Amino acid sequence: MSEQTERQTVIREDLARNLERLEDLIASSCRAANRARSEVELVAVSKNHPAEALVAAVELRLRVFGENRVQEFAAKSVELAAAGVRGRMRAHLIGHLQSNKAAKAVEVFDAVDSVDSLRLAERLDEAAGRIGKRLPVLLEIKLSHEESKAGLAPDSTELAELLEKLPSLHNLEAQGLMTIAPLDVPEDETRGCFRALKLLRDRFAVEHPRLNLPVLSMGMSGDFSLAIAEGATRIRVGTALFGMRPGYPK
Ligand SMILES: *Cc1c(COP(=O)(O)O)cnc(C)c1O
């Protein structure tokens with residue numbers, strides 16, 4: 001066996017084991033919450049992992065991937081295409097995006113789950129329009145008070161303006177909301193954050209009947225069970241699938 005094939009085999013075996021364990025946990029979380037497994041979409045967060053890891057994941061039938069950097073995924077995308085799997089997967093941007101990189105992001109990603117400003121939404125809409133693409137997006141909401149977190153504040157005028165404007169941004173398809181719960185806080189605080197996202201979505205459904213926001217992207221490796229209990233329809237799992245991110249403190 002060549003070194004490369006051997007490495008690919010190790011990657012696939014580790015991933016298969018992690019995926020099986022993760023699927024068991026997702027299934028039991030769904031059962032406990034009285035929800036069907038099919039209500040929860042798994043986003044495999046592959047940031048900082050090599051294209052080989054994504055190839056193995058596609059072979060294990062994972063279909064949706066989360067990445068947080070445009071350049072990093074642009075490079076991997078070329079490798080994925082060469083390996084013949086790019087057409088069998090969808091890539092979602094889940095990290096902060098600077099408006100000046102909107103055009104490149106629209107080119108390489110199938111969806112942007114981290115729209116955190118009105119300006120970014122406008123730039124994405126323009127860029128998508130130029131290449132004739134309709135881009136699914138989620139609005140990232142900041143529900144914790146950590147300074148480091150991106151996202152629109154729930155009661156901000158910017159969010160209100162964006163919600164007003166969304167129906168006229170014809171190249172964007174707003175599908176829902178996304179949030180990142182604070183790390184290392186008591187469980188009830190994490191839960192409170194997820195619950196707040198769902199309540200916010202329910203409020204927007206009443207206040208903005210022209211919008212349809214069924215997707216709630218919340219929950220990561222450490223807290224997806226709580227997110228499923230609170231109504232997550234999409235969870236974003238990295239470490240529990242691919243292991244620790246190489247060369248990256250977090
Ligand atoms: C990295 C990341 C994840 C995955 O985190 P894990 O703890 O490794 O599961 C999920 N969502 C976002 C926005 C991320 O940046």
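Atoms within each ligand, like the ligands themselves, are counted from 1 in listed order. From a predicted model like this one, the values you see are computed outputs, not experimental measurements.
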*Side-chain contact test, heavy atoms from C-beta onward, threshold under 4.5 Å: evaluate it for I26 versus V237 and give yes or no.*
no
*Using a 4.5 Å cut-off on heavy atoms from C-beta on, say whether the side chain of R86 contacts that of E79.*
no
_As a check for students: among E140, K47, R236, identify the option with a heavy atom nearest to atom 14 (C) of ligand 1._
K47
*Contact atoms of ligand 1, heavy-atom distance to I94 under 4.0 Å*: 11 (N), 12 (C), 13 (C), 14 (C)
*Provide the number and element of each atom of ligand 1 under 4.0 Å from a heavy atom of S221.*
6 (P), 7 (O), 8 (O), 9 (O)
*Just which atoms of ligand 1 are under 4.0 Å from any heavy atom in V237?*
9 (O)
*Please indicate whether N100 has more than 12 foreign heavy atoms, meaning atoms of other residues, nucleotides or ligands, lying under 6.0 Å from its CG.*
yes
_Counting C-beta onward and ignoring hydrogens, is there a side-chain heavy-atom pair between K165 and E122 closer than 4.5 Å?_
yes
*With respect to atom 3 (C) of ligand 1, which of M220, E67, H92 exhibits the smallest heavy-atom separation?*
M220
*Between I180 and ligand 1, find which residue part has any heavy-atom pair under 4.0 Å and reply side chain, backbone, both or neither.*
side chain
*Should one rank G219, G243, G238, G222 by closest heavy-atom distance to atom 4 (C) of ligand 1, which comes out on top?*
G238
_Looking at R7, I'd like to know if its CZ atom is crowded, meaning that more than 12 non-hydrogen atoms belonging to other residues, nucleotides or ligands lie closer than 6.0 Å._
no
*Purely on distance, is any nitrogen or oxygen of T239 under 3.5 Å from one on ligand 1?*
yes
*Do the non-hydrogen side-chain atoms of K47 and R245 ever get within less than 4.5 Å of each other?*
yes
